[in-house]
Amino acid sequence: MENNTQTDVNELMKRRIEEMNELRAMGINPYPYEYEVDNYSVNIKQNFEELEGKDVKIAGRIMAIRRMGKASFAHLMDKDGRIQVYVRRDDIGADKYKAFKLLDIGDIIGIDGYVFKTKTGETSVHATSMELLTKSLRPIPIAKEVVDENGNKTVYDQFADKELRYRQRYVDLIVNPEIKDVFVKRTYIIRKIREYLDTNGFLEVQTPILQPLYGGAAARPFTTHHNALDMKLYLRIADELYLKRLIVGGFDAVYEIGNDFRNEGIDRTHNPEFTMLEMYIAYKDYEWMMSFFEKMVEKLCVEVLGSTELEIEGTKVSFKTPWNRISMVDELKKETGLDVLSASKEDLKKELKKHNVDLHGGESVGKLIDELFEATVQDKLIQPTFVTDYPVELSPLAKKHRDKEGLVERFEGFVLGREICNAFSELNDPVDQRERFESQARALAEGDEEAHQVDEDFLKAIEYGMPPTAGLGVGLDRLIMLLTNQPSIRDVLLFPHMRPRS
RNA sequence: GGGUGCAUAGCUCAGUGGUAGAGCAUCUGCCUUUUAAGCAGAGGGUCCCUGGUUCGAGCCCAGGUGCACUCACCA
């Protein structure tokens with residue numbers, strides 16, 4: 001990309017380079033080193049009475065210019081928003097005004113001046129001096145905006161091409177600054193999660209991203225190669241097996257927030273790398289984890305979004321605790337009349353057919369039950385709901401249910417029919433764990449590319465003894481999508497993965 | 001992976017077989033409280049790519065690429 005400048009130059013860029021050279025000829029460095037900023041757009045507008053007539057030094061990108069001969073107005077955009085500046089030849093001097101005329105939308109300037117209101121009532125800064133801080137060589141997409149008396153903003157010719165917005169997020173952020181709000185919320189949400197876990201005795205840790213064996217979830221991995229060791233490595237698909245090793249080691253409560261990588265399709269809810277939160281706590285079970293998690297989300301809603309009552313895609317959702325709790329088996333009985341635990345494979349298939357579910361063949365009983373759940377129950381779980389106790393085949397790392405044969409102690413949280421977390425009482429019986437791994441290994445051998453490998457080191461770890469433990473995983477991007485009401489994972493990732501363009 | 005749709009100037013978009021268009025942005029001139037500033041004029045195009053049909057293709061056909069939506073799978 002570095003050397004594109006020469007081949008990429010169109011007329012607009014040529015013009016800007018010429019202007020830059022003219023500025024240089026006038027003794028102006030188009031890329032100086034610093035500027036002492038002492039105020040910001042929003043603050044000036046909010047404290048007009050106090051600041052009127054006072055001197056301020058602001059800096060920002062020129063977003064609009066209206067030239068009227070020997071005086072001009074411009075809108076500057078700084079970190080908080082826009083403010084108008086008024087630049088008059090007789091105030092900044094003929095030379096500086098000549099330089100000002102060579103500036104373009106997109107250039108970054110510093111303005112020293114006093115605060116005033118124009119005839120039409122717009123809070124502005126009347127420049128007493130102006131400095132170029134950065135010359136912009138590439139034209140930015142122009143979006144004109146009008147703000148009426150009520151503060152309503154109308155944007156004309158908004159930069160709207162989603163592809164370009166994702167590929168050139170830096171331009172998107174300049175031209176559509178309101179999207180910053182989503183990313184700021186994202187940061188606050190993650191900060192509040194850390195705060196909640198830290199104050200509840202959890203220790204944040206970092207475990208390997210490059211792993212000799214992958215595990216902890218059902219997914220295909222990315223592979224890479226370590227040159228010095230001459231070995232294949234996988235990018236992690238989950239943190240689970242390492243975090244549980246830490247529970248074995250005597251950390252009673254740990255969590256990790258970091259990226260996992262899954263070699264799967266890309267769509268509105270999938271990016272190849274995504275941010276995962278996993279937490280594990282000794283001596284607790286999944287019932288405890290349910291309460292702990294719902295309180296965490298409730299707290300996020302209150303502290304970051306200001307309310308437990310959110311409107312998401314036109315639906316009112318209440319995150320106030322306690323959330324609904326339903327058992328998967330009971331709910332399926334209510335919905336279909338079928339007792340899925342005693343039902344035969346044929347009964348399940350018959351029931352699935354009623355709901356137009358296509359099967360690939362070779363599904364286990366557990367998988368059939370899961371399919372039936374997705375077809376009949378999942379979409380109806382609008383308000384936050386925990387679904388408990390899943391078939392054992394689907395959960396090779398979860399502990400068998402203390403009372404219910406064939407099930408494990410597992411729950412998933414659902415909102416608007418979407419899964420937001422997955423948790424269980426962790427399997428800590430090493431003999432049982434070995435059997436589950438072996439059954440997964442058979443599935444892998446039979447072509448299930450998402451099945452687990454046998455992780456002997458992990459087995460060794462829990463053979464030393466892992467205390468009873470509750471664990472939970474949350475895809476944070478999806479949680480943030482939900483809480484900030486964004487329709488695509490790409491809207492909560494600053495730099496979503498895109499196919500390269502030739 | 002399947003289906004549907006989109007791709008034309010820096011941006012937003014018209015243009016359904018016959019000279020490539022508009023608004024904004026850019027450039028020139030005028031304009032010292034304007035605000036989608038205004039007035040007068042000018043420049044700017046690999047019509048996504050490759051092939052085909054046709055006297056002639058931005059437009060029709062086939063293939064490809066990218067993106068969006070959607071179904072399937074998953075976090």
Side-chain angles (χ1 to χ4, degrees), chain A residues 8-16 18-19 63-75 82 84-92 97 104-106 116-122 124 126 138-148 153-167 171 175-176 216-220 237-239 259-278 356-360 367 370-371 374 412-413 418-422 449-450 473-479 481 487-490 496 498-502:
Chain A
D8 225 7
V9 203
N10 56 30
E11 287 306 312
L12 295 172
M13 287 187 69
K14 267 187 199 156
R15 179 67 214 164
R16 285 173 177 232
E18 282 164 17
E19 283 166 347
M63 299 305 288
I65 313 182
R66 291 176 290 280
R67 300 184 204 273
M68 298 171 305
K70 299 176 189 67
S72 302
F73 287 92
H75 270 107
R82 293 184 179 206
Q84 181 170 257
V85 297
Y86 179 50
V87 180
R88 211 162 62 163
R89 189 193 63 179
D90 293 349
D91 294 317
I92 67 164
Y97 196 73
D104 290 292
I105 291 173
F116 79 114
K117 259 193 185 153
T118 62
K119 276 182 189 168
T120 51
E122 179 164 354
S124 309
H126 190 132
R138 208 174 270 276
I140 60 169
I142 305 298
K144 294 216 170 189
E145 57 178 67
V146 186
V147 183
D148 69 17
K153 200 163 82 174
T154 311
V155 182
Y156 296 87
D157 296 340
Q158 184 158 34
F159 179 54
D161 185 318
K162 282 207 167 187
E163 179 178 357
L164 285 178
R165 291 180 59 187
Y166 295 142
R167 285 187 194 278
V171 175
V175 182
N176 299 314
R220 293 165 65 189
I237 59 170
D239 315 353
N259 280 11
D260 289 349
F261 307 84
R262 297 190 186 174
N263 210 336
E264 293 165 348
I266 297 173
D267 64 25
R268 206 177 77 245
T269 57
H270 294 82
N271 197 64
E273 60 179 300
F274 61 99
T275 303
M276 190 74 184
L277 160 66
E278 289 194 34
N356 301 316
V357 178
D358 292 330
L359 298 171
H360 308 98
K367 181 72 184 160
D370 193 48
E371 290 281 350
E374 283 179 22
E412 292 188 327
R418 305 184 217 161
E419 183 193 329
I420 61 164
C421 71
N422 181 22
E449 290 179 310
E450 295 187 340
V474 189
L476 290 184
D477 311 291
R478 287 187 181 176
L479 181 67
M481 278 168 67
S488 167
I489 197 167
R490 290 180 159 175
M498 301 289 279
R499 273 198 176 80
R501 246 176 167 181
S502 56

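Note on naming: letters A, B, ... go to the chains in the order of the sequence lines (proteins, then strands), and numbering restarts at 1 for each one. Atom set for the values below is all heavy atoms of this structure, side chains included, hydrogens, waters and symmetry mates excluded.
- Between A:Glu19 and A:Ile140, the residue anchored nearer the 5' end of RNA chain B, judged by the nucleotide with its closest heavy atom, is A:Ile140.
- Annotation: side chain of A:Arg490 is not in contact with side chain of A:Arg165 (no heavy-atom distance under 4.5 Å).
- Taking the C1' atom of each, B:rG23 and B:rG38 are spaced 16 Å apart, rounded to whole Å.
- The residue among A:Gly69 and A:Phe159 whose nearest nucleotide of RNA chain B is located toward the 5' end is A:Phe159.
- Evaluation of atom-type donor-acceptor distances gives a pair under 3.5 Å for the side chain of A:Gln84 against the base of B:rU34.
- Relative orientation of the A:His126 and A:Tyr86 rings is perpendicular, given thresholds of 30° and 60° on the angle between their planes.
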Secondary structure of RNA chain B in dot-bracket form (Watson-Crick or G-U wobble, distances below 3.5 Å, | marking inter-strand pairs) | (((((((..((((....[..)))).(((((.......))))).....(((((..]....))))))))))))....
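- Between A:Arg15 and A:Glu18 there is a salt bridge, since a side-chain N of the basic residue sits under 4.0 Å from a carboxylate O of the acidic one.
- With both ends at atom C1', the span from B:rG56 to B:rC13 equals 27 Å, rounded to whole Å.
- Put simply, the side chain of A:Arg418 does not reach to within 4.5 Å of the side chain of A:Arg478, judged on heavy atoms.
- With both ends at atom C1', the span from B:rC47 to B:rA9 equals 10 Å, rounded to whole Å.
- In this structure, A:Asp267 reaches the bases: a heavy-atom distance under 4.0 Å links it to at least one base atom across the strands shown.
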